[in-house]
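Worksheet: the structure to be examined is printed underneath.
Within every chain, numbering begins at 1; the chains are lettered A, B, ... in the order of the sequence lines, protein sequences first and strands thereafter.
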Amino acid sequence: MIQAPRGTRNFPPDEMAYRRWAEGIMRRNAELFGYGEVSTPAFESLELFTLKSGPGIIDEIYAFKDKGGRDLALRPELTAPVMRMVVNSMRSAPKPIKLFYLGNCFRYDRPQSGRYREFFQFGVEVISAGTPAADAEIIALAIKNIRDLGLEDFRVKIGHIGVLRGLISGLEKGVQTSVLQALDREEYDSLSSMVSDDVAGRLLNLIRLKGDASVLDSLGDEAAHLRKVMEHLSLYGYEKYCTIDMSVVRGLDYYTGMVFEIEAPILGAEKQICGGGAYSLAKLLGGGDLPSTGFAIGFDRVLLALEKAGKRPEIPSRVIYLLRAGNVPSNEMVKLAADLRNSGIAVDFPLADKSLSKGMKYASAMRYPHVVIMGEDEWKDGKITLRDMSTGKQETLSVEDLIARFS
RNA sequence: GCCGGGGUGGGGUAGUGGUAUCCUAUGGGACUGUGGAUCCUUCGACCCGGGUUCAAUUCCCGGUCCCGGCCCCA
């Protein structure tokens, strides 16, 4: 028996229905915010991913040579590919460019709860904006997505990596990275070996700032941007989910300004379901300097959180099941199915002779909401019996009425 | 890459040094208009490889996959 590779999954129909439902919510919301969907290749030049993170990440991605000797990689994330697309072919698009995407990504990681080798990300990017309004819109869209799925227990932590960088801008580039890494991993003790006591103290004071917008008061003008972001978020009505947390440091070095993370505590160790912020990546890829903001939602993790919270919805079927009774010819059933399908009505019928009771059983097991019985008596008059499977109620109606009801 | 716990039909399980229990699901039938029930029946499993043994699903070693944790998390 051949198994799916480690860290990958199969999605049977009920699972896909659930996923498509969630996708639909996120797609509609992105469109409500004026974003357009894009798609990029599943594999890219390896260099696209080593550019910003160094060759070290090759250990963590699926990298390979193709038959022409090219160094390629399955995409480990979608921000860089989308930015590559922007730089390649959307340079003269009207600004700002607002894009969203949903796609599979691949990482060579140890699988565990909520972590797979093939996983799915939903993300958005607003390119060439960089304003508080853009940052706030991105956070608001992330929140709306998560909330509209039905998840209630989550929190948004908003920080600003630019303020942190300002404190250490005088240091060597390598040291800056080490400091940010230490802060990201919450290894605060190691700071003293990298920077002066004075700087370490100011860093520690800064990352202690947590709470509502009033904690920004102590930062003065540096925090004007974040104050405006928070103001916008309350206009969206989302202030209750958001807290300022200056200790939020995203792992990537291309983040430049506002950064945020969303956590679902119910998930335990792998609780982060969304991350994003303001970044400058286009320049690295050979484009102009395009201040951008984006986020990526861990699609699988959000769905996992929903399930753990008992909020996974039943996705109802809309298929009508056709059955014959008496001596109605099977060709007439096929013809009726074709007519209904041409009217946009989802229809299924037995592909082999099946007794009425077996047919009912099948319809029930498939959770079809309605069965149409083409009984000999009513079919003589061009009518059918419509059975509501949840109530068991039946009525006799003409094919025209049936089409009118469901199309 | 590291540590720990696991792996018995499609799903869920019982049990054992002499190849295996039950439930459920699936296929067929009883039953040719409503029988989504009931009953009968078929199919179907000891993760893989090596070792010990007369004999391994059981014991040992390695691998693999799953679960949890560490590292990492662009």
- Answer with yes or no whether the side chains of A/Tyr101 and A/Glu125 bring together a donor and an acceptor at under 3.5 Å. yes

- Task: Name the nucleic acid region contacted by A/Gly114, choosing base, sugar-phosphate or nothing; use a 4.0 angstrom heavy-atom cut-off, strictly under.
- Result: nothing

- Whole-Å distance, A/Leu356 CG to B/U32 P, equals 10 Å

- Note on the structure: A/Lys361 NZ to B/U34 P, in whole Å, measures 17 Å

- Query: Looking at A/Glu231 and A/Lys228, does any basic side-chain N land under 4.0 Å from a carboxylate oxygen?
  - Reply: yes

- Task: Measure from the side-chain heavy atoms of A/Arg107 and tell me the nearest of B/C3, B/A74, B/U34.
- Result: B/A74

- Message: By the 4.0 Å heavy-atom rule, please label A/Lys354 as base, sugar-phosphate, or nothing.
- Response: nothing

- Item | Atom-pair distance (CG on A/Asp353; P on B/G29), nearest Å | 10 Å

- Query: When the distance from OH of A/Tyr321 to P of B/G36 is rounded to whole Å, what number comes out?
  - Reply: 14 Å

- Grab the CD-C1' distance between A/Gln272 and B/A74 for me, whole Å please. 12 Å

- A/Ser113 near the nucleic acid: base, sugar-phosphate alone, or nothing, with a heavy-atom cut-off under 4.0 Å? sugar-phosphate

- Message: Heavy atoms only, 4.0 Å cut-off, all strands: where does A/Asp377 land among base, sugar-phosphate and nothing?
- Response: base

- Task: Look through every strand shown and name the nucleotide pairing with B/U52 as Watson-Crick or G-U wobble, where both distances are under 3.5 Å.
- Result: none

- Report yes if at least one side-chain N or O of A/Ser357 is closer than 4.0 Å to OP1 or OP2 of B/U34; otherwise report no. no

- Which nucleotide in the list B/G36, B/C72, B/G29 gets nearest to the side chain of A/Lys358? B/G29

- Message: Base, sugar-phosphate or nothing for A/Leu323? Non-hydrogen atoms, less than 4.0 Å.
- Response: nothing

- From CZ of A/Arg367 across to P of B/G36 the rounded distance in Å is 17 Å

- Do A/Asp401 and A/Arg405 meet the salt-bridge criterion of a basic N to acidic O distance under 4.0 Å? no

- Heavy atoms under 4.0 Å, any strand shown: does A/Glu261 hit a base, just sugar-phosphate, or nothing? nothing

- Testing B/C72, B/U34, B/G69 for proximity to the side chain of A/Ile373, the answer is B/U34

- Rounding to a whole Å, what distance do you find between A/Asn10:CG and B/G11:P? 12 Å

- Message: Heavy atoms from C-beta onward define the side chain here; which of B/A74, B/G36, B/G33 lies closest to that of A/Thr385?
- Response: B/G33

- Item | Nucleotide B/U34, atom P - distance to CE of A/Met374 in whole Å | 18 Å

- Is A/Lys240 salt-bridged to A/Asp212, going by a charged N under 4.0 Å from an acidic O? no

- Message: Whether A/Arg28 and A/Asp148 form a salt bridge (side-chain N of Lys/Arg under 4.0 Å from carboxylate O of Asp/Glu) is what I want to check.
- Response: no

- By the Watson-Crick or G-U definition, both distances under 3.5 Å, B/A20 is matched with none

- Message: Counting the atoms with a prime plus P, OP1 and OP2 as sugar-phosphate, which does A/Arg324 contact under 4.0 Å by heavy atoms, base, sugar-phosphate, or nothing?
- Response: nothing

- When you check the phosphate oxygens OP1 and OP2 of B/C66, does a side-chain N or O of A/Arg6 lie under 4.0 Å from one of them? yes

